[in-house]
Amino acid sequence: MKYLWENFFKEIIETPPEKILENIDDRFERWEQIKGVGKGLISETLAFYYPNHFVPWNNTVDWYFQELGWGKPTKYSEVLSHLGELKMLFNEECSHQDINFVIVDHFGWWLKNKKDTAGFGNRKTNAYIEITKPPGEPYLKNHVGRFLWSPADKRYWNGREGKIGLLKTGDITIHDVKGKIIGYSKVAEKPTVVSKEEIMKIFNKEGIWSEEYSKFAEGWFKKSPNGEFYFVRLEGFQTLPKKVGYTKLSSLPHPSSIQGVYLKEISPKVLEELDIVLGINDNSGSQRLLVSSYLEFRGYLYPSHLVSQFYTALKTKGFVILSGLTGTGKTKIAQELAELLGDSGDNFLFLSVRPDWRDSKALLGYYNPLTGNYHKTKLLEFILKARGDYEQNRGNAKPYFVLLDEMNLAHVEYYFADFLSVLESGRDEEGFTREPLRLHDVDKVEEEGIPKEIHLPPNLYIIGTVNMDETTYAFSPKVLDRAFVVEFHDVELDEYPLESSDSEEANGIKDSFRALILQDLAGSEGMFLARSKNEINEAVREFKGEHPDYWNILVNLNRALEPYDMHFGYRVVDEIALFFQSAKESWNKNIVEFKDENEIFDLALLMKVLPKFHGNRKKLEEPLRVILKLCLSENANIDVQGLGREAVVKLLKNWETVKENFRFKHTAKKVLRMLRQLYEIGFASIS
């Protein structure tokens, strides 16, 4: 033990801090294996030896993360990622300069006492406009939204190059490309001074540097007599849903005042016109969803919450059923997501379900003892391809999407039973399902490349589309309990077709979107859908501890539904907690957006509780009233027990004006529609 402790300190002392930072999370995990060594001791030791690189990780740091909306840190790299912003806050609040990170620990106690009177959290964030004509197309292959740079010479500050040296972490920059505002980003860290060679090295690594860009940059290089340049990294780039012409914004300076200007400070009113909200916490409801923006550029109109709901459900579970009106884009949203994540198309398989499917042979094939051959299917080959990609590349593998079109034309419980069982068998340490799909028991066939059994890989996603009519079958509780059900119901004809569709723009942003989403789906450990029971339990504990209000709602709802035999089991609770966790993760990365945490919980209720409500009025009316009452806001003036058909129809007709009576609006609207069905035809279901 003494040897381990000595080596722990020796490694810290003898390893340069930059080297420690390269794999900080792996080092923490290894060091914590030493008895008596925890995050506190490790981080305090690092902060003692290298105060300008590390900070103690303790309750004070946790408090900062909660107060500033960053969530609870689970890895030390998350703590480090926010130190720049934290240090800037100290400098602004204390009027000190060059505060090293050790002081973070002590500053917190003063800040807790001062917070209410000092207006902490309302620090001034400045806004700027970058006016540029980057060489090459599309613009995202250049530095727009990623970097700013200019000669490090104050004599240029009032001229073309702008006041880049005065930028602060958190400042907002909107980006004008050839006369149109195309998006905005945030300053990730304060400006640094670099050489020409360093800029070229960074831009080469980022894929920006080219012969065309070299010609563009040469004029800037000549403007620095000492060869020094300000260099600023940007983060959180968001494209606007529609490009906005410079002259369309009344708060921008007159065009004559920006001739030849690169970066100019602007009024915050410009951001209000663009519906951009400033603040430390990036989770503003006005920020646009990356996937939603991409789909709009592609010409498809979806409510933003629906895209967020679909993406998060897919990330959480990997088995999603899309129901609702025909022609609302259920198939297309799956195709577009698959195409975004894999240009070649080999990561997407479209299968039309046939009414005569009675078992899994149509999906997985079968061994014919008369011919001695195994009849393969497209799906089997697709699964083998996904498995091979994951085995070879792990977290760098592609996600593979199977779309079962009109999934309920046949009994899902017949042809999909094996998949349902395997998907709920859990995952092993490698990420594969614990139980396999069994294909055959013939050695010769296995030698020919068809395994006797196959464990599903974690990068395989299954999407089913359904239409409910007299030609289809209803889903059993067994199926609905194992999937997330997303309903496509809202149609906005007044906004159709989209004016902002721009295929060139979509292609321009595809690469950056793809990298961001692939990383998000794969997760920090590169395990995609695979979650251990411990991880699931931790998600539930976190949900229960950090959101006791939502937890109490689930407990009370289950208790209220039990007398009607409509209550739910542990799996539903697990998946609501995981959905909430996944939504927050992706929201923090600006991949999806929600109005607030109420909407996340609302959508989870809608997908995991309501789908099993299927039956006649006698069975469903009172349980639906229970849920509707739970959805009411605190000051709502609606008598749920007194609602009849006319009152329900009136609420639906005037939904835009009455929806503020409900805390959980999506669930409430669906319950009202189901109650209307009960009153009109005596029967209701989720579809």
Side-chain angles (χ1 to χ4, degrees), residues 25 69-75 77-78 81-82 140 145-146 185-186 188 235-239 281-283 287-295 302 304-320 333-334 336-343 347-348 386 389-390 393-401 427 431 457-463 484 486 506 509-531 535-536 538-539 542 575 577-594 597 600 603-604:
D25 290 328
W70 296 331
K72 185 178 179 64
T74 58
K75 293 185 176 181
S77 56
E78 296 175 25
S81 69
H82 289 291
L140 273 181
R146 301 164 66 188
S185 58
K186 186 177 73 171
E235 66 180 2
F237 177 72
Q238 298 277 298
T239 56
N281 186 354
D282 285 334
N283 295 338
Q287 287 188 330
R288 292 297 298 178
L289 168 66
L290 291 181
V291 180
S292 180
S293 298
Y294 174 79
L295 291 172
Y302 297 99
S304 63
H305 80 268
L306 188 67
V307 181
S308 300
Q309 181 184 5
F310 167 66
Y311 175 85
T312 308
L314 203 62
K315 174 186 172 182
T316 303
K317 181 72 175 179
F319 177 30
V320 178
I333 194 171
E336 287 293 326
L337 181 61
E339 183 181 328
L340 170 61
L341 301 180
D343 272 336
N347 67 326
F348 181 75
D389 190 357
Y390 180 72
N393 299 304
R394 295 295 168 168
N396 293 321
K398 288 189 293 189
Y400 288 75
F401 302 91
R427 301 277 178 169
N459 60 330
L460 181 69
Y461 299 81
I462 299 172
I463 305 166
F484 274 93
V486 180
I509 60 181
K510 182 178 286 188
D511 289 343
S512 59
F513 281 10
R514 176 184 295 140
L516 184 65
I517 296 172
L518 287 174
Q519 182 186 46
D520 188 53
L521 289 177
S524 59
E525 304 299 326
M527 298 287 281
F528 291 91
L529 293 167
R531 292 182 177 87
E535 288 176 309
I536 295 172
E538 181 57 33
E542 182 179 311
E575 292 180 357
L578 287 171
F579 179 85
F580 200 93
Q581 183 186 72
S582 296
K584 292 294 292 292
E585 288 174 353
S586 300
W587 191 11
N588 287 334
K589 297 175 184 176
N590 292 322
I591 293 174
V592 299
E593 64 174 359
F594 300 92
E597 291 184 344
I600 300 176
L603 293 171

Participant: Around Glu535, counting heavy atoms of other residues, nucleotides and ligands shown, do more than 12 lie under 6.0 Å from its CD?
Facilitator: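 Count over threshold, so yes.
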
Participant: Please identify each residue that fulfils salt bridge (Lys or Arg N to Asp or Glu O under 4.0 Å) with Arg394, with sequence neighbours left out.
Facilitator: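 Salt bridge (Lys or Arg N to Asp or Glu O under 4.0 Å) list for Arg394, sorted by chain: Glu430.
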
Participant: Quick check: do Tyr294 and Glu336 have side-chain heavy atoms less than 4.5 Å from each other?
Facilitator: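 Yes, side chains in contact.
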
Participant: Quick one: do Leu521 and Tyr311 satisfy side-chain contact (heavy atoms from CB on, under 4.5 Å)? Show the steps, please.
Facilitator: CA-CA 10 Å; Leu521 289 177; Tyr311 175 85; 3.8 Å; yes

Participant: Any side-chain heavy atom of Leu295 within less than 4.5 Å of one from Val291?
Facilitator: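 Yes, their side chains come closer than 4.5 Å.
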
Participant: To the nearest 0.5 Å, tell me how far Ile333 CD1 sits from Leu306 CG.
Facilitator: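 Nearest 0.5 Å value for the CD1-CG distance: 5.5 Å.
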
Participant: Run the side-chain contact (heavy atoms from CB on, under 4.5 Å) test on Lys584 and Phe594 for me, step by step, so that the C-alpha distance in whole Å, both residues' side-chain angles and the decisive distance to 0.1 Å come before the verdict.
Facilitator: CA-CA 9 Å; Lys584 292 294 292 292; Phe594 300 92; over 6 Å; no

Participant: How far apart are the closest heavy atoms of Ile463 and Ala334, and which atoms are they?
Facilitator: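 Distance-wise, the nearest heavy atoms are CD1-CB, 3.7 Å.
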
Participant: Examine Tyr302 together with Phe310 and report whether their ring centres are nearer than 6.0 Å.
Facilitator: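 No, ring centres 6.0 Å or more apart.
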
Participant: What are the two closest heavy atoms between Ala313 and Val486, and how far apart are they?
Facilitator: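 Shortest heavy-atom contact: CB-CG2, 4.5 Å.
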
Participant: Compare every heavy atom of Leu529 with every heavy atom of Leu460, then report the nearest pair and how far apart it is.
Facilitator: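 Closest approach of Leu460 to Leu529, heavy atoms only: O-CD1, 3.5 Å.
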
Participant: Donor-acceptor pair, Asn459 side chain versus Lys398 backbone, under 3.5 Å?
Facilitator: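 Between the backbone of Lys398 and the side chain of Asn459 there is a qualifying donor-acceptor contact (under 3.5 Å).
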
Participant: Looking at CD of Gln238 and CG of Asn590, how far apart are the two atoms once the value is rounded to the nearest 0.5 Å?
Facilitator: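 It comes to 4.5 Å.
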
Participant: In Å and rounded to the nearest 0.5 Å, what is the CZ to CD1 distance from Phe319 to Ile462?
Facilitator: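 Reported to 0.5 Å precision, the distance equals 6.5 Å.
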
Participant: Looking at every heavy atom in both Trp587 and Val592, which two are closest together, and how far apart are they?
Facilitator: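 Between these two residues, the closest heavy atoms are CD1-O, 3.2 Å.
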
Participant: Could you give the distance from CD (Gln581) to CZ (Arg531), rounded to the nearest 0.5 Å?
Facilitator: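 Going from CD on Gln581 over to CZ on Arg531, the span is 6.5 Å.
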
Participant: Can you tell me how far CZ of Phe528 sits from CG of Leu518, rounded to the nearest 0.5 angstrom?
Facilitator: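 Here the interatomic distance stands at 7.0 Å.
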
Participant: At what distance, to the nearest 0.5 angstrom, does CD of Glu542 lie from CG of Leu578?
Facilitator: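 It comes to 10.5 Å.
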
Participant: Walk me through whether Leu337 and Leu314 qualify under side-chain contact (heavy atoms from CB on, under 4.5 Å).
Facilitator: CA-CA 11 Å; Leu337 181 61; Leu314 203 62; 3.7 Å; yes

Participant: I need the minimum non-hydrogen distance between Ala530 and Arg427, along with the two atoms involved.
Facilitator: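 Answer, listing the atom of Ala530 first, then Arg427: CA-CG, 3.8 Å.
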
Participant: Taking the ring of Phe348 and the ring of Phe401, is the distance between their centroids below 6.0 Å?
Facilitator: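 Aromatic pair excluded; centres sit 6.0 Å or further apart.
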
Participant: Taking side chain as C-beta onward, heavy atoms only, is Phe579 less than 4.5 Å from Lys317?
Facilitator: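 No, every pair of side-chain atoms sits at 4.5 Å or beyond.
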
Participant: Could you walk me through whether Lys315 and Glu585 pass side-chain contact (heavy atoms from CB on, under 4.5 Å), step by step?
Facilitator: CA-CA 11 Å; Lys315 174 186 172 182; Glu585 288 174 353; 3.1 Å; yes

Participant: For a quick test of reading the model, state the closest non-hydrogen atom pair linking Tyr390 to Gly431 and the distance between them.
Facilitator: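 Answer, listing the atom of Tyr390 first, then Gly431: OH-CA, 4.2 Å.
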
